[in-house]
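Everything numeric here is computed off the predicted structure, so don't read it as measured data.
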Amino acid sequence: MFKKLIIATLAVSAGAFAPSPFAARTSTSLFFEYGKYDEKEWSNEAKKDVYDSWDPNQPRSTTNFNPFETFQGNSPDASGIYPGENRYKDPIRPDINFQQMMAERAEAEERAANPKPGDVPGAPGCKN
């Protein structure tokens, strides 16, 4: 009798470790859309393309952000994510020389003097 009780207990407890045929499996992965230039060269031309399509009045996302905006002294990657944030990827940067840097600086000064309509601190499309 004691043998039968032990065998029955083992048979019942083994079922606790078997997968349930009635349980539905759900995926734990979440969909995340990276920016247009993810895994591509993050050049000044690419940044200007993203800036041209940026709408400061729409919520900020990986496809709607100001690539020239800084946050705590850092520039975003090609998806608008800053260093230290989840999913940040170090962008692929092109070679550059001093002459190109000076041309980009003049463009940056022009952008700062003439911001897009709605580009104000606290706007939905701004980090700051």
Check: Looking at N57 and P117, what are the two nearest heavy atoms and their distance?
Finding: ND2-O, 4.1 Å

Next item on the list: Might you work through the side-chain contact (heavy atoms from CB on, under 4.5 Å) test for V50 and W42, ending with a clear yes or no?
Entry: CA-CA 10 Å; V50 171; W42 190 227; 4.0 Å; yes

Next item on the list: Could you tell me whether the side chain of F65 reaches within less than 4.5 Å of the side chain of P76, counting heavy atoms only?
Entry: yes

Notebook entry, point to check: Rounded to the nearest 0.5 Å, how far apart are CD of E104 and NZ of K47?
Noted result: 7.0 Å

Margin query: Apply side-chain contact (heavy atoms from CB on, under 4.5 Å) to residues R105 and M101 and explain how you reach the verdict.
Written below: CA-CA 6 Å; R105 181 180 177 184; M101 290 171 57; over 6 Å; no

Next item on the list: Report yes or no: does N64 contribute a side-chain atom to a donor-acceptor pair with the main-chain N or O of P59 at less than 3.5 Å?
Entry: yes

Checklist line | Residues in salt bridge (Lys or Arg N to Asp or Glu O under 4.0 Å) contact with E41, at least two apart in sequence or another chain | finding: none

Check: Distance from N86 atom CG to I81 atom CD1, nearest 0.5 Å?
Finding: 8.0 Å

Next item on the list: Enter the distance from C126:SG to R60:CZ here, rounded to the nearest 0.5 Å.
Entry: 8.5 Å

Check: Within 45° of the ring axis of F32 and under 6.0 Å from its six-membered ring centre, is that where the NZ or CZ of R87 lies?
Finding: yes

Notebook entry, point to check: Which residues satisfy the side-chain hydrogen bond (donor to acceptor under 3.5 Å, both in side chains) test with T70, sequence neighbours excluded?
Noted result: none

Checklist line | Backbone of K116 reached by a side-chain donor or acceptor of W54 within 3.5 Å | finding: no

Next item on the list: Taking ring-ring contact (aromatic ring centres under 6.0 Å, His included) as the test, write out the residues that go with F68, two or more places apart.
Entry: Y51

Next item on the list: Ignoring hydrogens and angles, tell me if any N or O in the side chain of S79 forms a donor-acceptor pair with the backbone of G35 under 3.5 Å.
Entry: yes

Notebook entry, point to check: Considering residues at least two apart in sequence or located in another chain, which fulfil the side-chain hydrogen bond (donor to acceptor under 3.5 Å, both in side chains) criterion with E110?
Noted result: N114

Next item on the list: For K127, enumerate each residue passing the side-chain hydrogen bond (donor to acceptor under 3.5 Å, both in side chains) test, keeping only those at least two apart in sequence or located in another chain.
Entry: E85

Checklist line | Full working for side-chain contact (heavy atoms from CB on, under 4.5 Å) between T62 and Y34 | finding: CA-CA 6 Å; T62 57; Y34 284 97; 5.9 Å; no

Next item on the list: Nearest 0.5 Å please: distance from the OG1 atom of T63 over to the CG atom of D38.
Entry: 12.5 Å

Item checked: Residues K36, D49: salt bridge by 4.0 Å N-O rule -> yes

Give the table of side-chain donor-acceptor pairs shorter than 3.5 Å for residues 92-99, with sequence neighbours excluded, one pair per line with atom names and distance.
residue: R93; atom: NH1; partner: D90; partner atom: OD1; Å: 3.1
residue: N97; atom: OD1; partner: Q99; partner atom: N; Å: 3.1
residue: N97; atom: OD1; partner: Q100; partner atom: N; Å: 2.8

